[in-house]
Protein chains: 2
Amino acid sequence: MAGHSQPVYLKLRDLIAAGIIDGTFPEGTMLPSVRALAAEQGANPLTVAKAYQQFQLDGLVEVQRGVGMFVARGAAERLRRSEREAFLANEWPQIRARMERLGLVAKDLLTT
Amino acid sequence: MAGHSQPVYLKLRDLIAAGIIDGTFPEGTMLPSVRALAAEQGANPLTVAKAYQQFQLDGLVEVQRGVGMFVARGAAERLRRSEREAFLANEWPQIRARMERLGLVAKDLLTT
DNA sequence: CGCGCTGTATTATGGCAGTCAAACAGCATG
DNA sequence: CATGCTGTTTGACTGCCATAATACAGCGCG
């Protein structure tokens, strides 16, 4: 029953990351439970867990087993910083090359 | 036996598209054969064929079975135009939103 | 303590995308 | 017409993604 352009667990990962960065999930607060988010997004709890897992490994969310998962201190800033670096190092060069090939100029689009 | 970040046939598709746009494969000329390109890129002929297939459907390359595939008239211009539209309509908005979320501004990117 | 919430592990199933090997089909040239 | 190039079709195999159904493990509160 799959067939998406982007894997569900990656969409969820982005959803959570965005929430942490923009303050929807402030530091220290409890994140939506695996089952709750699964129900809300119409996904499987296991898939949601997989999305959360990436953040635990990076220490961005702290797990209190039996209680819930909480946004770690400094998570927003750390996350924004790492995503920024990754963007500039990996994605932007390719985007830039592609734009150049198509005859598009960055500053023309950014000033819109 | 797979496991790449970007599928091979998409990389090949981009390679061919770039060649058509920048004049490496001028209009009217014959494109590299399926097997030749496969050998050169270390890929499977069928994977190359899959990459070419997208262009045939769009009429950007014309097939003479048993002879070869040729760049159609006006292919470069048509391709550049469609890729530009697709980029501006689909990719750029997401990129822009992502940049905004990360707090990236024009001056961060144009320092090259 | 027991009930209800939390995350986690196990196992099995289904589907789809990507890749590949081998055989098939069309055209040109000697 | 046979050789050698072209593109094309068929069938199969693999790995990832997602799902489901259980069962287990930790914590808090009445």
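Below, chains carry the letters A, B, ... as their sequence lines are ordered, and counting in each starts from 1. Nothing here was measured: the structure is a model prediction, and the numbers come from that model.
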Would you mind reading off the distance between [X] atom [atom1] and [N] atom [atom2], rounded to a whole angstrom?
X: B:Leu57; N: D:dG7; atom1: CG; atom2: P; answer: 15 Å
X: B:Leu37; N: D:dT6; atom1: CG; atom2: P; answer: 11 Å
X: A:Leu12; N: D:dT19; atom1: CG; atom2: C1'; answer: 14 Å
X: A:Gln56; N: C:dT6; atom1: CD; atom2: P; answer: 15 Å
X: B:Phe70; N: D:dG7; atom1: CZ; atom2: C1'; answer: 12 Å
X: B:Lys11; N: C:dG18; atom1: NZ; atom2: P; answer: 13 Å
X: A:Ile16; N: C:dG7; atom1: CD1; atom2: P; answer: 11 Å
X: A:Phe55; N: C:dG7; atom1: CZ; atom2: P; answer: 15 Å

Review point. Which part of the nucleic acid, if any, lies within contact of A:Tyr9, taking any heavy atom under 4.0 Å across all strands shown: a base, the sugar-phosphate backbone alone, or nothing?
Key: sugar-phosphate
Which pairs of donor and acceptor atoms, one on a side chain in residues 17-27 of chain B, lie under 3.5 Å apart (sequence neighbours left out)?
{"unit_1": "B:Asp22", "atom_1": "OD1", "unit_2": "B:Thr24", "atom_2": "N", "d": "2.9"}
{"unit_1": "B:Asp22", "atom_1": "OD1", "unit_2": "B:Thr24", "atom_2": "OG1", "d": "2.6"}
{"unit_1": "B:Glu27", "atom_1": "OE1", "unit_2": "B:Gly74", "atom_2": "N", "d": "2.9"}
{"unit_1": "B:Glu27", "atom_1": "OE2", "unit_2": "B:Gly74", "atom_2": "N", "d": "3.4"}

Check your understanding: Mind checking whether A:Leu31 and A:Leu37 have side chains closer than 4.5 Å, heavy atoms only?
Key -> no
Practice item. Taking only Lys NZ, Arg NE, NH1 and NH2, and the carboxylate oxygens of Asp or Glu, determine whether B:Arg81 and B:Glu77 approach each other closer than 4.0 Å. Key: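 Looking at B:Arg81 and B:Glu77, the cut-off is met.
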Point to revise | B:Glu83 bridged to B:Arg13 by N-O distance under 4.0 Å | key: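 Looking at B:Glu83 and B:Arg13, the cut-off is met.
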Practice item. Starting from the 5' end of DNA chain D, give me the residue, B:Met30 or A:Gly42, whose nearest nucleotide shows up first. Key: B:Met30
Exercise for review: Grab the two heavy atoms, one from B:Leu12 and one from B:Gln41, that are nearest each other, plus how far apart they are.
Suggested key: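 Heavy atoms only, the tightest pair is CD2-CG, 4.0 Å.
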Review point. Can you name the closest pair of heavy atoms from B:Glu91 and A:Arg98 and give their distance?
Key: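 The pair with the smallest heavy-atom distance is OE2-NH2, 3.0 Å.
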[X] side-chain N/O to [N] phosphate OP1/OP2 under 4.0 Å:
X: A:Lys50; N: D:dC17; result: yes
X: B:Gln53; N: D:dT8; result: no
X: A:Asn44; N: D:dA20; result: yes
X: A:Thr47; N: D:dC17; result: no

Check your understanding: Tell me, for nucleotides 22-30 of chain D in 5' to 3' order, what letter each nucleotide earns: B for a base near a protein heavy atom under 4.0 Å, S for only sugar-phosphate near one, - for neither?
Key -> -B-SBS---
Would you be so kind as to tabulate the donor-acceptor pairs closer than 3.5 Å made by side chains of residues 42-70 of chain B, with sequence neighbours excluded?
{"unit_1": "B:Asn44", "atom_1": "OD1", "unit_2": "B:Leu46", "atom_2": "N", "d": "2.8"}
{"unit_1": "B:Tyr52", "atom_1": "OH", "unit_2": "B:Pro32", "atom_2": "O", "d": "2.8"}

Practice item. Return the nearest nucleotide to the side chain of A:Ser33; candidates are C:dT6, D:dG7, C:dT8. Key: C:dT6
